[in-house]
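Comments concern the structure below.
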Amino acid sequence: MGTREPLAAAALLLFALAAWPQADTGGVGSNPQGPSTAPAPARGGPAQGGPASPWLWRAATGGQIRSRPAVGPDGTVYALSEDSYLYAWTAGGSLRWRHDLGWIPWDCLAVSDDGSVYAGLKNGDFLAVNPNGGRLWTVRLDGPPAGDPAVAADGTVLVGTSTGTLLALSHLGQREWKVTLPGAVTAQPAVDGDGTIYLGAADRRLYSITPWGEFSWSLPLPGTPVAPVIAADGSVLVGTDTGQVLDVTPAGDVRWKAAVGAAVTGVAASAGQVVTGAADGRLACYSLSGKELWTATGKPPSSGPLLSGLLVLVAAQDGSVQRFDSASGTPVEARPGAPGSPVMAPDGSFLVGGRDWVVYALRAVLSQDPGREGAGHAAAPWPQAGHDALHSGRSPVRAPSGAGSLLQENPDFLYLQGLLDTPGRDGVQLVLSELQNRVATDTLGKSRWYAARMLEYIVGLGLVTQVRQNQKLVNDFPDLRAQAAGLLARVGSASSRFALLRAAASERDGVALAAEVQAVGAISSDGDGASLRAIVRAFTSRSSVAPDARLAAAVVDAVGRIAAYEGGISDRSAVDALISISTGPYDSSTQGAAMSILQGDLKAYILNREE
């Protein structure tokens, strides 16, 4: 047997790498800081509903669940419990893991597209946990979080606080920018398709903020606002505690308003209607032009309404789930449940966390007409609080005007763009020199957002973006691509990896390819596995020609960082690449680092690399 065979066998044993740090997958309710038992179900697993039961499953925790559950991209259900744990269940209700938060959570939970979970605690800590239950990072806020965070399309995490701060964090926990409002943030922000951020504050204003953290406008309101939502036409809808709902254009003008009659608990919007809920149980449905379509009265709600095409659903304070026909407001059905805050999963199922310590999964939302079962479930543009099951606070709707036009009024952006427009490589060099200086002196500030976009463009020059003169490629600058990739490793967002992956797929220069691979690893986020696959392709395609020590070191570094972020390696080809490097003609440092990752010692690996 050759050297490779025993190493391959050992790698198979190490294939499912442990999360860093380990998540607690023990029994429910064992936290010594809180109750040690829960009413239901049994500790062995979820309690499944019978044929006549409306519940698909129920799962107990060791404390009350005040915030809404969240559903990850793979169907994993998450909930925060006052026993100081974050819980994760499979879509069928089996406990996957629980993570010790170290303190009692606040009503603050969201999941990103890559499966990272973000949660806020009552002591002001805000933290990220990977899909396998390992802690990624913790940041201390200047006060308790004000509702769920919102996750922008580029992975930026936006969290407001009771002290009036809106903080923007990268997916790696780096502070990007913050703004301070005159009053406390009152609820989760909403993020439009062009990146514009809307949020309400206790000074009775609705604020519009650019993706790079500059104030755009503010609008006085007749009361303290609840969380804003975005309608199909890009307008912003916001309710107040004095019983009004307002439709506001992306430019900040009120298009229409209506009186609901009691404090608004929430707003939901489908393609052609807006439904508002009030604290006294009243519901009102409007067209996008403000025409009242119907009103209905139900029980006092525990949260805002959810809208699923054919049905409006409301969780009541007495624990029932109320269902209304979305076309007429006619009550359809009420089912017993538990009081709490609900969320609708993409498949139409309905999840609610209860004050009785239990998470309930309700059967898929169906119409009364058997021929239309499952029809009409609409996830766009804003069917529920937090927009979606991830609580991302992000709408795919692109506003008619907003961040794009404001960027053209930003002097710093125009300055950098002017440098970039200088013909030939000189302009690119000037921009890279300017951004390199800002990174080195930690003065990038709010220019980080558009600086990353410029770097994403530069890293594709001559590859994705080609300019030819007389059949000759004239913008192929591999040394500048390598420099841009190195800067993206420092300031790039989660979405920056797509630009790097496109560049790496076409890269012809070995130095630039190593820089691009290393930058992909620095960004770390790889929920879809595309980064690992691209890294392995880059390594195998070049190592088949001749060993490349620089690329091998970059591959090890990138795979190690991704493994630490994701909580392990699930790609067999990446394991094979590490085995090849650990036994190949490379220096002992690179070989040893590859073996450390294979052995699952991710914490030691990352600490050593940082030093």
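This is a predicted model, so every value here is computed, not measured.
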*asked:* Run the side chain to side chain donor-acceptor pair (under 3.5 Å) test on Ser525 and Asp114 for me, step by step, so that the C-alpha distance in whole Å, both residues' side-chain angles and the decisive distance to 0.1 Å come before the verdict.
replied: CA-CA 7 Å; Ser525 171; Asp114 68 3; 2.5 Å; yes

*asked:* For Tyr207 and Trp217: C-alpha separation, side-chain torsions, deciding distance, then whether ring-ring contact (aromatic ring centres under 6.0 Å, His included) applies.
replied: CA-CA 6 Å; Tyr207 288 88; Trp217 51 259; 8.6 Å; no

*asked:* Please evaluate residues Ser524 and Arg561 with respect to the criterion side chain to side chain donor-acceptor pair (under 3.5 Å), reporting the C-alpha separation (whole Å), side-chain torsions for both, the decisive distance (0.1 Å), and the verdict.
replied: CA-CA 6 Å; Ser524 300; Arg561 291 183 183 278; over 6 Å; no

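The line from CG of Leu420 to CG of Leu430 is 10.0 Å long, rounded to the nearest 0.5 Å. From Asp148, atom CG reaches atom NE2 of His387 across 14.0 Å, with rounding to the nearest 0.5 Å. Between atom CZ of residue Phe413 and atom CZ of residue Arg453 there is a gap of 11.0 Å, rounded to the nearest 0.5 Å. In this structure, the separation between CG on Leu121 and CH2 on Trp106 is 11.0 Å, given to the nearest 0.5 Å. The distance from the CG atom of Leu432 to the CZ atom of Phe477 is 11.0 Å, given to the nearest 0.5 Å. Here the CZ-NE2 distance, from Arg497 to His171, works out to 9.0 Å after rounding to the nearest 0.5 Å.
A side chain to side chain donor-acceptor pair (under 3.5 Å) with Ser235 is found for exactly one of Asp247, Thr249, Asp253, namely Asp247. A side chain to side chain contact (heavy atoms under 4.5 Å, CB included) with Leu206 is found for exactly one of Leu246, Thr240, Leu221, namely Leu221. Partner of Asp476 under the side chain to side chain donor-acceptor pair (under 3.5 Å) criterion, chosen from Arg468, Arg425, Arg508: Arg508.
A 4.5 Å side-chain heavy-atom check between Val129 and Leu86 finds at least one atom pair inside the cut-off. The shortest distance between side-chain heavy atoms of Val267 and Val238 does not fall below 4.5 Å. Side-chain contact check for Asp154 versus Trp449: some heavy-atom pair is nearer than 4.5 Å. With a 4.5 Å cut-off on side-chain heavy atoms, Asp479 and Val511 do not count as touching.
In this structure, Ile562 and Ser531 approach most closely via the heavy-atom pair CD1-CB, 3.8 Å. In terms of heavy-atom proximity, Val191 sits nearest to Ala152 at CG1-CB, 4.3 Å. Pairing each heavy atom of Val111 with each of Pro73, the nearest pair is CG1-CD, 4.0 Å.
For Asp412, the side-chain hydrogen bond (donor to acceptor under 3.5 Å, both in side chains) partners two or more places apart in sequence, or in a different chain, are Arg438, Tyr450.
Under the 3.5 Å distance criterion, the side-chain polar atoms of Ser506 are left unmatched by any main-chain donor or acceptor of Ala503.
A cation-pi arrangement, defined by a distance under 6.0 Å to the six-membered ring centre and an angle within 45 degrees of its axis, is absent between Arg135 and Trp137.
Side-chain N/O atoms of Tyr565 and Ser116 include a donor and acceptor closer than 3.5 Å. Judged by distance alone, the side chains of Thr422 and Asp426 never bring a donor and an acceptor atom under 3.5 Å apart. Judged purely by distance below 3.5 Å, without hydrogens or angles, the side chains of Thr165 and Asp142 pair a donor atom with an acceptor atom. Judged purely by distance below 3.5 Å, without hydrogens or angles, the side chains of Asp421 and Gln417 pair a donor atom with an acceptor atom. Between Thr210 and Glu214, the side chains place no donor N or O within less than 3.5 Å of an acceptor N or O (distance only, hydrogens not considered). Residues Glu176 and Ser170 have side chains that never bring a donor and an acceptor to within less than 3.5 angstrom of each other.
Crowding of Arg550 atom CZ: a count of heavy atoms from other residues, nucleotides or ligands under 6.0 Å not exceeding 12.
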